Structure formats: C-alpha cells, structure tokens
Undergrad: 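Okay, handing you the structure first.
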Amino acid sequence: MALIALTRPPSASLAQCELTHLERTPIDVERARVQHDAYEHCLAGLGCTLLRLPEEVDLPDAVFVEDTAVVLDELAVLTRPGACSRRPELHAVAEALRPHRPLVTVEAPGTLDGGDVLVAGRRVFVGLTDRTDEAGTEQLRRFLAPLGYDVTALPVSGCLHLKTAVCTVAHGVVLINPAWVDPGAFAAFEQVQVHPDEPYAANALALGTAVVYPAAHERTAARLAARGLDLRLVPADELAKAEGGVTCCSLIFEIR
Ligand code: CIR
C-alpha cells in the first residue's frame, strides 16, 4: 500500500490565473515554486510518494490539481471545472489517474470543481458556487450513491469553493468559517471556527493524524493547536494570491 500525492508545479503563467474574490496583485512565480516545493516536501515527510505532473506553461491554474478530480477508493471522478480556462488541465490528470482507478467523467452542461467536494467517510458535501452547479452535483450523486456515499449539496457564499469555507481536520472535526457556509450543515461534527480576523483560514489538509496548514494564519493555527491537532505549517501566501490553499495543490489517494 502506498499513499500517492499527485501534484503539478506552479506554471510560468500563474499570474494570469482566474480570480473571483481577490484583487489581482503581483505574483512572484519563483516564490510560489519555492513554497510549492516546501509543500511537496511536507507531504513526502508525511509518507506520500509524489507523482509530479510536468508544468503546464500555458495553463495558469494547473498547480491547483484538486479541482480536476475527486479520487475515492472505488473510482475517480474527472470533473468539468466551472472556469472554461481550466478544462484543458484535465487531460494530464486523467492519464495519471487511469492506471490507478476506474474513471468516470462529469459531462456538459454540468460543472463541478474538486475544491467544492468535501469527503468525510461516506458523507460527501458539495458546495454550490460559481464553479459547481446542481447538474454537476447530480452527476456526482449518480456516480457515488450506488457506492454507498451520501451526497449533500450546500450553498456557499462569499468565497470560491466549499473547501475555502470548511475542511475536515481530524475524524469528526471540521475547521469552518461560519460566514461562508452554514455551520448547521455540519452539526454532526465538532467544529473549530476560524479566527474572525482570518476569513481565509478554513482551508487545511488533514493527512493521517497531521494537518498541513498555512503558516500565515497564526491565530487560527493557535486554535487548532489548542485542540491538540498536529499542525505541519507550510508557507503558502504566494499561491494564496491566486486564490489557492493547501488542499488545492494535491490529489491524495492510496494505491495497492
Ligand atoms: C481558480 O480560480 O480556479 C484558481 N485561481 C484557484 C483555485 C483554487 N482551488 C481550490 O481552492 N481547490
């Protein structure tokens, strides 16, 4: 059994990325690459074998591989990203996943971004956003319901993706910004709220018993540490200017 982390380095064109809720500010691609290296190093330290796709020079957002697929034990769902500019990212990801999972595909006119799909055991929450619509969600439900997954759609407002607003940080525990998603939808979970001064702090990558977490969100990190979580802090502020977080930069799955 091996744990794979599929990643792709930041593109030279990263500064032309899609932006929805952030003002465009200069992005230092070299700094983003250094931070991405640190992220990959962190994942390797947590037991992942890196499967690094080549850079996609002309696809500014290709580093955010999470949006292109939802990888479960039983199959991988190739998404149809809501931003047209991101759809060509799918080809290389599909080829990388093909040896490891049966593939199914979200078809037009539905849209779905992986950043809107939060999997917690057999519960799957899907954020309805600018990127993910009812039709895409319904297709995901049709793929997953026969496998025993319970798919729930949720409105999200004020941020890009569901996982900008809420992530699992341990079994039965979520980190949440209640301004962007209804905490009532996660009533079955213990909840840690982001610090009010850090609205973008809800994106965290739980890996085993560790949590990969952006170093910049110090106040929320203190809350997570107080909860007893094993934080692995990574520099991520340059990719955050492209509206990406720590879940966005990998697809993590087991292979036999
Ligand atoms: C986009 O707008 O599509 C990219 N600039 C950021 C995507 C971040 N992905 C994610 O949160 N899963």
Side-chain angles (χ1 to χ4, degrees), residues 5-29 32-33 35-36 39 43 53 55-56 58-71 76-90 93 106 111-119 124-133 136-137 140 154 156-168 175-177 180-181 194 199-207 212-214 216-217 234 236-253:
L6 187 152
T7 61
R8 179 142 62 181
S11 307
S13 56
L14 176 64
Q16 280 86 56
C17 64
E18 296 281 343
L19 283 178
T20 309
H21 295 276
L22 293 182
E23 293 292 317
R24 195 167 295 276
T25 53
I27 295 179
D28 180 338
V29 176
R33 287 181 172 152
Q35 294 190 350
H36 191 262
Y39 172 80
L43 297 186
L53 299 183
E55 179 188 345
E56 292 272 12
D58 298 325
L59 299 177
D61 284 307
V63 60
F64 302 121
V65 288
E66 170 181 56
D67 293 319
T68 59
V70 178
V71 186
V77 180
L78 300 173
T79 66
R80 183 168 181 270
C84 299
S85 69
R86 301 205 51 192
R87 292 181 191 154
E89 295 173 24
L90 266 290
V93 174
V106 175
T111 62
L112 186 86
D113 274 18
D116 280 317
V117 182
L118 175 61
V119 180
V124 178
F125 298 91
V126 183
L128 298 173
T129 63
D130 289 346
R131 301 293 177 85
T132 296
D133 64 11
T137 305
L140 186 71
L154 300 174
V156 174
S157 63
C159 63
L160 184 61
H161 286 130
L162 177 65
K163 279 189 276 190
T164 327
V166 60
C167 282
T168 49
L175 173 63
I176 188 165
N177 178 341
W180 288 343
V181 68
V194 298
Y200 282 91
N203 189 258
L205 176 62
L207 195 50
V212 181
Y213 194 69
H217 305 310
V234 289
D237 52 301
E238 206 60 38
L239 286 165
K241 295 177 188 170
E243 229 167 329
V246 285
T247 62
C248 320
C249 294
S250 59
L251 285 167
I252 295 180
F253 53 94

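Atoms within each ligand, like the ligands themselves, are counted from 1 in listed order. Worth saying up front: this structure is predicted, and the values here are computed from it rather than measured. What you see below is based on every heavy atom in this structure, not just the backbone, and it leaves out hydrogens, waters and symmetry mates.
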Undergrad: How about Lys163 and Asp116: do any of their side-chain heavy atoms sit closer than 4.5 Å?
TA: no
Undergrad: What protein heavy atom sits nearest atom 10 (C) of ligand 1, and how far off is it?
TA: Cys248 SG, 2.8 Å
Undergrad: Show me which atoms of ligand 1 lie under 4.0 Å from any heavy atom of Gly115.
TA: 12 (N)
Undergrad: May I ask you to list the atoms of ligand 1 that are less than 4.0 angstrom from any heavy atom of His161?
TA: 9 (N), 10 (C), 11 (O), 12 (N)
Undergrad: Examine the proximity of ligand 1 to Glu18 and report which part, side chain or backbone, both or neither, has a heavy atom under 4.0 Å away.
TA: both
Undergrad: Looking only at distances, can you tell me whether any N or O atom of Arg131, backbone or side chain, sits closer than 3.5 Å to an N or O atom of ligand 1?
TA: yes
Undergrad: Would you check whether Thr20 reaches within less than 4.0 Å of ligand 1, judged by its heavy atoms?
TA: no
Undergrad: Salt-bridged, Glu238 to Arg33, with N to O below 4.0 Å?
TA: no
Undergrad: Nearest to atom 5 (N) of ligand 1 by heavy atom, Cys159, Ala242, Cys17, Pro60: which?
TA: Ala242
Undergrad: Please report the closest heavy-atom contact between Leu160 and His21, naming both atoms and the distance.
TA: N-CD2, 3.5 Å
Undergrad: Considering only NZ, NE, NH1 and NH2 on the basic side and carboxylate oxygens on the acidic side, decide whether Arg8 and Glu55 come within less than 4.0 Å.
TA: no
Undergrad: Tell me which one of Cys17, Pro88, Ser13 satisfies side chain to side chain contact (heavy atoms under 4.5 Å, CB included) with Leu59.
TA: Pro88
Undergrad: Atoms of ligand 1 less than 4.0 Å from Leu160 heavy atoms?
TA: 2 (O), 6 (C), 7 (C)
Undergrad: Considering non-hydrogen atoms of the protein only, which is the closest contact for atom 4 (C) of ligand 1, and what is the distance?
TA: Asp61 OD1, 3.1 Å
Undergrad: Report yes or no: do Tyr39 and Thr7 form a side-chain donor-acceptor pair below 3.5 Å?
TA: no
Undergrad: What do we get for Lys163 next to ligand 1 when only non-hydrogen atoms under 4.0 Å count, side chain, backbone, both or neither?
TA: neither
Undergrad: Looking only at protein heavy atoms, which one is nearest to atom 9 (N) of ligand 1, and how far off is it?
TA: Asp67 OD2, 2.8 Å
Undergrad: At the 4.0 Å heavy-atom cut-off, does Ala83 count as touching ligand 1?
TA: no
Undergrad: Could you report the tightest heavy-atom contact between Asp61 and Glu18, atom names first, then the distance?
TA: OD2-N, 2.8 Å
Undergrad: Under 4.0 Å from any heavy atom of Glu66, which atoms of ligand 1 are there?
TA: 10 (C), 12 (N)
Undergrad: Can you name the closest pair of heavy atoms from Leu22 and Tyr200 and give their distance?
TA: CD2-OH, 3.5 Å
Undergrad: Nearest heavy atom to atom 7 (C) of ligand 1 wins, so pick from Lys241, Arg86, Glu89.
TA: Arg86
Undergrad: When you measure from atom 8 (C) of ligand 1 to every protein heavy atom, which one gives the shortest distance, and what is it?
TA: Glu243 O, 3.3 Å
Undergrad: Between Arg87, Arg86, Arg80, which is the residue that forms a salt bridge (charged side-chain N to carboxylate O under 4.0 Å, His left out) with Asp67?
TA: Arg86
Undergrad: Looking at ligand 1, is there an atom of it that comes within less than 4.0 Å of some heavy atom belonging to Thr164?
TA: no
Undergrad: Distance only, no hydrogens: is a donor on one side chain within 3.5 Å (strictly under) of an acceptor on the other, for Glu89 and Thr68?
TA: no
